[in-house]
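Notes follow the structure.
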Amino acid sequence: MTNAAIAQIMREIAVLLDMDGVPFKPRAYEKVAYAIEALDEPLADTYARGGLKAIEQVPGVGKGIAERIEELLTTGRLKYYDELHKKVPVDLSGLTAIEGIGPKHVKALYEALRIRTVTDLEKAARAGKIRDLPHFGEKSEQKILKGIAFLKGHSGRVPLGAVLPLLEEIQARLGKIAGVQQVALAGSVRRRKETVGDGDMLVVSNKPNRVMEFFVGMPEVVDVLGQGPTKSSVKLDGGLQLDLRVVPAESFGAALNYFTGSKAHNVALRKIAIERGLKLNEYGVFRGEQSIAGKAEEDVYAALGLPYIEPELREDAGEIDAARAGKLPRLIRYGEVRGDLQTQTTWTDGANSIEEMVDAARRLGREYMAITDHTKSLAMMGADETKLREQMIAVRALAKQLKGFTLFAGAEVNINRDGTLDIADEVLAELDVVGIAVHSHFNLSRDEMTRRIIRAMENPHADILFHPTGRVINKREPYDVDIDAIIAAAKRTGTALEVDAYPERLDLKDEHVRKAIAAGVKIVIDSDAHSVNHLDYIDYGVATARRGWAEKSDVLNTLPAAQFLASLKGSRRAKRGKRGRS
DNA sequence: GCCGTTTTCGGCCCGACTGTTTTCAGTCG
C-alpha cells in the first residue's frame with residue numbers, strides 16, 4: 001500500500017472522528033497524514049527495514065497509529081477504519097473537498113438524504129432538497145453547487161511560478177490605493193513553496209472598506225467567497241483563491257507571521273508563547289491584555305525569545321529548535337547566484353540564439369553562463385560530437401569578444417540506459433561544463449535507475465547532475481531512484497547536484513537539497529532557460545535552495561567565474577585520481 | 001492519540017466570516 005493511500009485513510013479517520021465530535025484524536029490522525037505525505041521512503045520499506053519501531057519514528061506516530069499502519073501494510077485493510085466508515089459509508093475525501101463542506105455536513109447529508117458521492121450531492125442540490133435540512137438553506141445549496149462546479153474546473157495546487165507574477169502585480173495595484181500604508185504577500189507564496197493552493201495578502205490601511213471594494217472588484221475576480229471589513233476571499237479567473245486581510249499597523253508583523261504560516265510553524269510558536277505565559281495571535285504577542293510585540297515580525301520572534309526565522313524555513317521541520325540553539329543557517333540570498341549553467345539555444349530546442357541569451361543574462365546582472373544544448377540521443381535534434389565541436393568554436397569565438405562576462409561551452413549530455421554518456425569522453429574533456437541528465441527510459445526499476453545514474457556520475461568529465469529526479473510538477477512523477485544513494489555518490493565523486501529552477505521542475509526539491517548539503521554535497525542553481533524569458537527563473541531555484549537550508553557556500557555558482565571553473569576542474573582531477581587508484 | 005526544559009497525566013492554537021440562527025455551529029485558514 002502506498003504512502004498516499006495510507007495518508008488518505010489517516011485523513012479520512014480524522015474526518016470520521018470529527019463527525020462525532022471526538023476531541024483531539026482527529027488532529028492526531030490528521031497530523032500523521034501530513035507527516036506520511038512528506039516521507040521519501042515508502043512506509044512498506046520502512047516497515048520491512050525496522051518493523052513497528054521504525055514506523056513509530058515518523059513524527060506524530062505513536063504506538064497506536066503505528067499498529068494501525070502495520071495492519072494496513074500487512075493485510076491491506078484496517079478494521080478500525082472500516083468500522084467507522086460503515087456508519088457513514090460515503091466518499092469522504094470527495095465530499096470534504098467541496099468548499100464549505102466539512103465533517104458535520106457530510107454526516108448530516110448522509111443521514112438525511114443518504115448522500116454518498118459528489119454526484120449524489122449535486123443531484124440533491126439541483127432538486128432543491130438541501131435547503132430544507134436543518135442548518136442548511138438556499139444559500140448553502142447554491143454554495144454547494146458553486147463549489148462542485150469549481151472542483152470540476154480546477155484541481156489542486158499550481159506551481160508557484162504560475163501565479164507569483166500576477167500576485168506581485170496585484171500587490172503593486174493594492175499599494176497604489178489611497179490610504180494603503182503597507183502591502184505584503186503571505187502564505188505559502190511567501191514561504192516560496194514549490195506549489196501553492198491559494199494566495200494570501202495583507203494590507204495596512206486606514207480605509208479598509210475602500211481596499212475591500214477595490215479587491216472584490218478587480219477584473220480577475222470571478223467570484224466573491226466572502227467580504228468583511230478585515231477579511232475577504234475571492235476566486236480569480238485562473239481558478240486561484242485569493243484571501244486579503246486588512247490589519248492595523250501595530251499588528252502588521254504579527255499578522256504577517258500568522259498568515260505566512262506554515263500552520264505547523266504557527267502552532268509551535270503558540271506553544272512557545274504559552275510556555276512563557278504569553279498569548280500569540282494575529283494581532284500581536286500579549287501578556288494578559290497588554291500587547292508586547294506585533295508591529296514587526298522580528299519583534300514577534302524576539303518576544304518569544306527567538307531570532308528571526310526566514311519564511312522559507314517555516315515548516316516546523318527543525319527550524320524552531322535550530323533557532324533556539326542559535327543554529328539557523330545563513331541562507332543563500334536572492335541575487336547571490338552569479339552564473340547560470342543550464343541554458344539551451346536555437347542549436348537545439350531553445351528559442352533564442354547564443355548571442356541573445358548572453359545579452360539577456362548580462363541584463364539580469366549575471367557574470368557568467370554556460371551554453372548547454374542537448375546531445376544526440378535525444379529524439380529531437382541533439383548535437384553529436386561534430387555539432388558540439390562546431391558550437392564550441394562559436395561559443396569560444398563569442399566568449400573572446402565579451403568584456404566582463406564569461407561564457408562557458410557546455411552540454412546537457414544524455415545518460416544512456418546503461419549509465420554511459422552519449423558523447424565521447426575526448427569531446428567531453430574539451431567542454432567547460434558537462435551536465436548529465438536522464439531523458440529516456442524513465443521506467444527502470446529503482447535499482448537499475450540508481451545504478452545507471454551513479455555510473456554516469458562516475459564519468460570523470462561529469463560535472464553536474466541536471467534535474468536529478470526528473471519530475472515535472474503536475475505532469476510527470478519523479479523516476480524511481482534512491483536519492484540517498486545519489487547524494488552519497490555525489491559526495492564520493494565530487495559531482496554537483498542541480499536545483500533546476502524551472503518552475504515546473506524545481507528538482508532537486510527542497511528536502512533533497514537539505515539532505516544533499518547535510519552530506520556535504522555542492523549544489524548549483526540553474527534556470528534551464530529555453531528562451532531569454534526564462535533566465536530570471538533562477539530566483540525560484542534560490543527559493544528551493546533556501547527551503548532546503550542552503551547557505552551561499554553550499555551553492556557552487558555563487559562563486560566568481562574563475563573560481564567556479566577552478567572548482568569544476570578540481571573535482572574532475574580528483575575523480576580521475578580516484579579512478580586511477582581503483 | 002500523541003507528547004514531555006513544569007508533565008508518563010493532562011493538556012492539546014486562535015479568530016473571522018457565513019448562514020442559519022435568535023445566540024451559535026460549522027468551516028476555514
Side-chain angles (χ1 to χ4, degrees), chain A residues 10 13-15 17-19 21-33 35 56-69 80 95-109 130-144 146-147 186-189 196-202 208 212 216 224-234 241-247 251 254-255 257-286 304-305 316 320-321 324-325:
Chain A
M10 294 297 129
I13 289 173
V15 173
L17 293 170
D18 265 331
M19 277 178 192
V22 176
F24 305 117
K25 271 200 220 182
R27 302 291 77 74
Y29 279 97
E30 206 169 54
K31 207 175 155 194
V32 167
E56 277 187 59
Q57 295 310 303
V58 176
V61 175
K63 195 160 180 299
I65 292 184
E67 282 170 4
R68 306 224 188 274
I69 293 173
Y80 177 68
L95 289 168
T96 53
I98 299 165
E99 167 91 25
I101 300 289
K104 300 286 169 77
H105 284 346
V106 169
K107 187 180 188 191
L109 290 164
I130 306 289
R131 63 184 72 181
D132 299 328
L133 299 181
H135 294 287
F136 287 86
E138 220 168 309
K139 280 196 176 169
S140 15
E141 197 172 79
Q142 288 312 308
K143 196 177 167 195
I144 284 169
K146 256 192 201 173
S188 52
V189 172
V196 298
D198 63 10
D200 294 279
M201 288 185 152
L202 221 55
M212 291 309 188
V216 301
V224 179
L225 302 170
Q227 184 182 356
T230 68
K231 176 188 172 182
S232 294
S233 290
V234 298
Q241 180 176 328
L242 187 54
D243 296 346
L244 177 68
R245 316 274 176 148
V246 178
V247 301
S251 297
N257 180 249
Y258 182 72
F259 293 113
T260 296
S262 66
K263 194 172 174 178
H265 179 84
N266 289 352
V267 169
L269 288 186
R270 280 170 194 234
K271 282 186 181 162
I272 291 175
I274 292 166
E275 280 166 26
R276 301 183 146 233
L278 304 170
K279 184 174 81 164
L280 171 63
N281 61 27
E282 59 260 54
Y283 297 105
V285 182
F286 295 87
L304 303 178
D316 191 27
I320 290 178
D321 286 344
R324 277 179 150 156

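- Contacts with DNA chain B (heavy atom under 4.0 Å) in residues 258-267 of chain A: A/Tyr258, A/Lys263, A/Val267, listed by number.
- For the salt bridge (charged side-chain N to carboxylate O under 4.0 Å, His left out) criterion with A/Asp18, the lone passing option out of A/Arg27, A/Lys104, A/Lys107 is A/Arg27.
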Protein N or O to nucleotides 3-5 of chain B N or O, pairs below 3.5 Å:
from, atom 1, to, atom 2, distance (Å)
B/dC3, OP1, A/Gly60, N, 3.1

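- DNA chain B is contacted by both A/Ser232 and A/Leu133; A/Ser232 maps to the nucleotide lying nearer its 5′ end (nearest heavy atom per residue).
- Rounded to a whole angstrom, the distance from the P atom of B/dC9 to that of B/dC14 is 25 Å.
- Across the P atoms, B/dT6 and B/dC2 are found 23 Å apart, a figure rounded to whole Å.
- Using modelled atom types and a 3.5 Å distance limit, the side chains of A/Tyr258 and A/Arg245 yield no donor-acceptor pair.
- Taking atom C1' in both B/dG10 and B/dG15, the straight-line distance is 25 Å, to the nearest Å.
- Regarding contacts with the backbone of B/dC28, every side-chain N or O of A/Ser233 stays at 4.0 angstrom or more from both OP1 and OP2.
- For A/Ala66, the side chain to side chain contact (heavy atoms under 4.5 Å, CB included) partners at least two apart in sequence or on another chain are A/Leu52, A/Ile55, A/Glu56, A/Val61.
- Taking the six-membered ring where tryptophan is involved, the planes of A/His105 and A/Phe136 are tilted, since the angle between them lies from 30° to 60°.
- Put simply, the side chain of A/Ile272 reaches to within 4.5 Å of the side chain of A/Arg324, judged on heavy atoms.
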A/Lys63 vs A/Glu67, test: salt bridge (charged side-chain N to carboxylate O under 4.0 Å, His left out). Steps then yes/no. CA-CA 6 Å; A/Lys63 195 160 180 299; A/Glu67 282 170 4; 3.2 Å; yes
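- For B/dT18 and B/dC12, the P atoms lie 29 Å apart once the distance is rounded to whole Å.
- Across all strands shown, B/dC12 is found opposite B/dG1 as a Watson-Crick or G-U wobble partner, with both distances under 3.5 Å.
- Only the C1' atoms considered, B/dC13 is 12 Å distant from B/dG29, to the nearest whole Å.
- In this structure, the aromatic ring of A/Phe24 is positioned over the six-membered ring of the base of B/dC12, centres within 5.5 Å and planes within 30°.
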